[in-house]
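So you know, we letter chains A, B, ... as the sequences are listed, proteins then strands, and number each from 1.
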Number of protein chains: 2
Amino acid sequence: MAASTLTEVARLAGVSPATASRVLNGSARTPGKDIADRVRQAAESLGYIPNAQAQGLAKSSSGLIGLIVHDIADPYFSAIARGVQEAAREQRKMVLLASTEGAPESEKEAVAAFAARRADSIVIAGSRMSRPEDREGNAELAAELDRYCRNGGQVAVVGHAVVGAGADEGYHVVQVPNEELAAELAAELAAISSGGFVIIGGPEGLLTSDDRIRGFQQGLKAAGRPAAEVLRTAFNRSGGFDAGLALAARIKAVQSAGTTAAEGDSPPAAPAEGPAAPLCIFAVNDVMAIGAAAALRSQGLRIPRDAAVAGFDDIETLRDFRPALSTVHLPLEEIGRQAARRAAGKDGSAASLTPVTGQVTLRRSTETVA
Amino acid sequence: MAASTLTEVARLAGVSPATASRVLNGSARTPGKDIADRVRQAAESLGYIPNAQAQGLAKSSSGLIGLIVHDIADPYFSAIARGVQEAAREQRKMVLLASTEGAPESEKEAVAAFAARRADSIVIAGSRMSRPEDREGNAELAAELDRYCRNGGQVAVVGHAVVGAGADEGYHVVQVPNEELAAELAAELAAISSGGFVIIGGPEGLLTSDDRIRGFQQGLKAAGRPAAEVLRTAFNRSGGFDAGLALAARIKAVQSAGTTAAEGDSPPAAPAEGPAAPLCIFAVNDVMAIGAAAALRSQGLRIPRDAAVAGFDDIETLRDFRPALSTVHLPLEEIGRQAARRAAGKDGSAASLTPVTGQVTLRRSTETVA
DNA sequence: TTGCAGTGGGAATGCGCTTTCCCGAATCAG
DNA sequence: CTGATTCGGGAAAGCGCATTCCCACTGCAA
């Protein structure tokens, strides 16, 4: 028993397919009450389910919104996905998912696939790369997006515009003030910690990471502190862990030196509080921070006693982590929602949408025993 | 500039649409080399993107696989989603996402929507409810699924069959041995802890929760331990937290009683080791366990000193939690992958797919100071 | 040379639905 | 009572593609 069609419903109701179509979907013209009832009843009894493909073909729109993320299992992305999903629900659309592992090439494929399905809009989450090697990939992605936009598609990008995107029509960006917030975080950290700073960053060229690093350095500078050293590593937990291991070794070396050498060569202008104040580690995202913390602990170091650790994102699942992680709260779900709404273009774009803001959230992990 | 069509490509290449179709998609018949090249080049220069909707209409199949989860931001589901996504990639399909918050009604809607889009298969993750109130909702969902299956759809369910589903064709279940594993966990816990047991469970009727509770009780019984008390609460972090709060009060009461009353009324057959051995708390999933642990800590209690805590699922993001959480590892991603594969019906269903197994993983959180 | 199978390509049909256009009937003003 | 409007409904033309026929042509054996 194949799914019943509109024509069958119409026949059963004794009307034309046109009329059946008009009553079963809110057309501009509304057939008479009695006829409408007949049709509805016929549809009900046949268990009629409209064929969205055919509808889409006829109307050339699909009720689909495409979502591109690096990895749906990453809490950062899944939080955004939730927001997008919610907005989709409001718009009575469905979301089409694509995980790309961050490869521009497969993002391009995803865009093409969305375009093929005639998705009404596309939301791209996940940070862009700007490395020279990615130039070509980014260009192709941009070209694909441009084409999609020219054909009437709407695209919203979280964070940064795709490098080299040219279309101005139907192209939206949800700005995330990574730089400003990182600077703020640095300022607050500088105010409570007298130790040195180290940044655990993602690979060079990863825009989100670079922004946060830049902002943090600026904040440090504004606070009169020297620039922090930057450790480049993978943008995930294990990257954080590796960097943490390296730092642990360094910290232990300093500590034992301090213990044995007593107080002969204290760093210039270091306030006198026994050994040097603990190092303050800023990882450019929470997951990396957690990895770094785990590494430190695995080496017998304690947080925040031996080192302060701060992250970025305020991932919900990580809130119960001990010691509670200092971080920058980002309304991830709201970001996803806004992206989807912007792309829907319902209201005048930036109009009713308040810009995204985050907030520095200091917790135990940076409470240096001062 | 509207997207170019196959007809346009054909015209540009100077062939018929039929031929163009044949070369641009692997048809049974392969046109001559030179013609094929001409067509491909024309397609390239026009930036032709096939219209998946039209293709789907013509072939009546869509290359879509529908995924239903309670909440995509929940790490349990996002891990499964990742597996599904991966399998989809293998099958060169895209995944269509629906978050339903667990309401059978909106699951039914989701199924209908998937059916409307002619999804080739549907994967349902997320535990079923069997409460009397849900009977009707479940029945409707089952009916919708049956219809979908009768029309040739394939559905795979993670964990339990949908209550009341009747179609035997195209209906697959990925079995998760919740009961057995919970029993195993209980046995191992009983072997290392002499204290009493308490279970923090989800609402009554939630199948996954009920299975794990039942299994745990059986394990306890097999180990000669009395059945544990079951606290019913919400199936999420805050439910765990609430239950944890209640337990904290209880634990503190016992502790102070033990301190003041010295050793006058020790429970029958309690081995003499100072105060009673700490309570062992089993939360039916990791997120709840984390919530409970947070609650205990907020009341000044320490884990595992004052109480042992164990969870279920082994959520990746929670692995760095301290003290490390004892739990049952479940290959979530693999589960998602299997579900998607089963539904694809590629290989002989259960044939090449090894059944899902988990493993009890004891960590710090249950290392009673014995 | 003729007859045959085999081959590469085109014409046409239909997938299920929306929508424009058209037409008969009913309504209203004059 | 007649002519001008509506108004409710149907006929039909696509939407973009796959696919089933069908036909012209080639190569081969007879």
Side-chain angles (χ1 to χ4, degrees), chain A residues 1-40 42-43 46-64 115-120 151-152, chain B residues 1-40 42-43 46-64 112-113 115-120 151-152:
Chain A
M1 181 228 269
S4 49
T5 75
L6 183 60
T7 310
E8 290 172 24
V9 172
R11 193 177 323 149
L12 180 60
V15 301
S16 78
T19 304
S21 169
R22 288 195 263 254
V23 21
L24 292 181
N25 317 298
S27 158
R29 290 178 44 179
T30 317
K33 185 88 174 65
D34 48 344
I35 290 218
D37 284 345
R38 271 222 315 279
V39 171
R40 252 184 287 271
L46 247 44
Y48 170 70
I49 294 184
N51 184 326
Q53 311 224 58
Q55 288 188 157
L57 223 211
K59 295 197 289 201
S60 67
S61 96
S62 60
L64 252 29
R117 298 229 140 70
R118 297 300 182 263
D120 298 332
N151 289 344
Chain B
M1 181 228 268
S4 49
T5 75
L6 184 60
T7 310
E8 290 172 22
V9 172
R11 192 176 324 149
L12 180 59
V15 301
S16 78
T19 304
S21 171
R22 287 195 264 255
V23 21
L24 293 181
N25 318 299
S27 159
R29 290 176 45 179
T30 316
K33 184 88 175 62
D34 47 345
I35 289 218
D37 284 345
R38 269 222 317 278
V39 172
R40 250 185 288 273
L46 247 44
Y48 169 69
I49 295 184
N51 184 325
Q53 310 224 58
Q55 288 189 157
L57 222 211
K59 295 197 291 200
S60 67
S61 97
S62 60
L64 252 29
R117 298 227 139 70
R118 297 301 184 262
D120 298 331
N151 288 344

**Item:** Side-chain N or O of A:Asn25 closer than 4.0 Å to phosphate OP1/OP2 of C:dT18
**Value:** yes

**Asked** Between C:dT19 atom C1' and A:Leu6 atom CG, what is the distance in whole Å?
**Response** 13 Å

**Asked** Looking only at side-chain N and O atoms, does B:Asn51 come under 4.0 Å of OP1 or OP2 in D:dC15?
**Response** no

**Message:** Is A:Thr19 close enough to D:dG10 that one of its side-chain N or O atoms is under 4.0 Å from OP1 or OP2 there?
**Reply:** yes

Would you mind writing out the side-chain donor-acceptor pairs for residues 47-61 of chain A within the sub-3.5 Å range, not counting sequence neighbours?
unit_1	atom_1	unit_2	atom_2	d
A:Asn51	OD1	A:Gln53	N	2.8
A:Asn51	OD1	A:Ala54	N	3.1

**Request:** Could you tell me which non-hydrogen atom of A:Gly63 sits nearest to which non-hydrogen atom of A:Asp120, and how far apart they are?
**Result:** N-OD2, 2.9 Å

**Prompt:** Rounding to a whole Å, what distance do you find between A:Ile49:CD1 and C:dC17:C1'?
**Reply:** 15 Å

**Closest non-hydrogen atom pair between A:Ala20 and A:Leu6, with its separation** = CB-CD1, 3.7 Å

**d(NZ, B:Lys59; P, D:dT20) in whole Å** = 13 Å

**Asked** When the distance from CZ of B:Arg11 to P of C:dG10 is rounded to whole Å, what number comes out?
**Response** 14 Å

**Request:** Looking only at non-hydrogen atoms, find the nearest pair between A:Glu8 and A:Ser4 and report the distance.
**Result:** OE1-CB, 3.1 Å

**Asked** How is A:Pro50 classified with respect to the nucleic acid when contacts are heavy atoms under 4.0 Å: base, sugar-phosphate, or nothing?
**Response** sugar-phosphate

**Request:** Indicate yes or no: does A:Asp37 engage A:Lys33 in a salt bridge with an N to O separation below 4.0 Å.
**Result:** yes

**Prompt:** With distance as the sole test, does A:Arg117 use its side chain to make a donor-acceptor pair with the main-chain N or O of B:Ser62 at under 3.5 Å?
**Reply:** yes

**Prompt:** Starting at the 5' end of DNA chain C, which residue's closest nucleotide do you reach first, B:Ala18 or B:Leu57?
**Reply:** B:Ala18

**Complete:** Rounded to whole Å, the CZ-C1' distance (A:Arg117 to D:dC17) equals 14 Å

**Message:** From CD of B:Gln55 over to P of D:dG16, roughly how many Å is that when rounded to an integer?
**Reply:** 13 Å

**Prompt:** B:Ser16 has a side chain; which of D:dA18, D:dG16, C:dG10 sits nearest to it?
**Reply:** C:dG10

**Prompt:** Over how many whole Å does the gap from B:Arg38 atom CZ to C:dG9 atom P extend?
**Reply:** 9 Å

**Prompt:** Which angle, to the nearest 10 degrees, lies between the helix axes at the two ends of the helix from C:dT1-D:dA30 to C:dT27-D:dA4, each defined by five pairs?
**Reply:** 60°

**Request:** Calculate the interatomic distance between B:Leu24 atom CG and C:dG9 atom P; express it in whole Å.
**Result:** 14 Å

**Item:** Touch class at under 4.0 angstrom, heavy-atom based, for A:Thr5 against every strand present
**Value:** sugar-phosphate

**Message:** Between D:dG10 and A:Arg22, counting only base atoms on the nucleotide and side-chain atoms on the residue, is there a donor-acceptor pair under 3.5 Å?
**Reply:** yes

**Prompt:** Between B:Val9 and B:Val39, which heavy-atom pair has the shortest distance, and what is it?
**Reply:** CG1-O, 3.9 Å

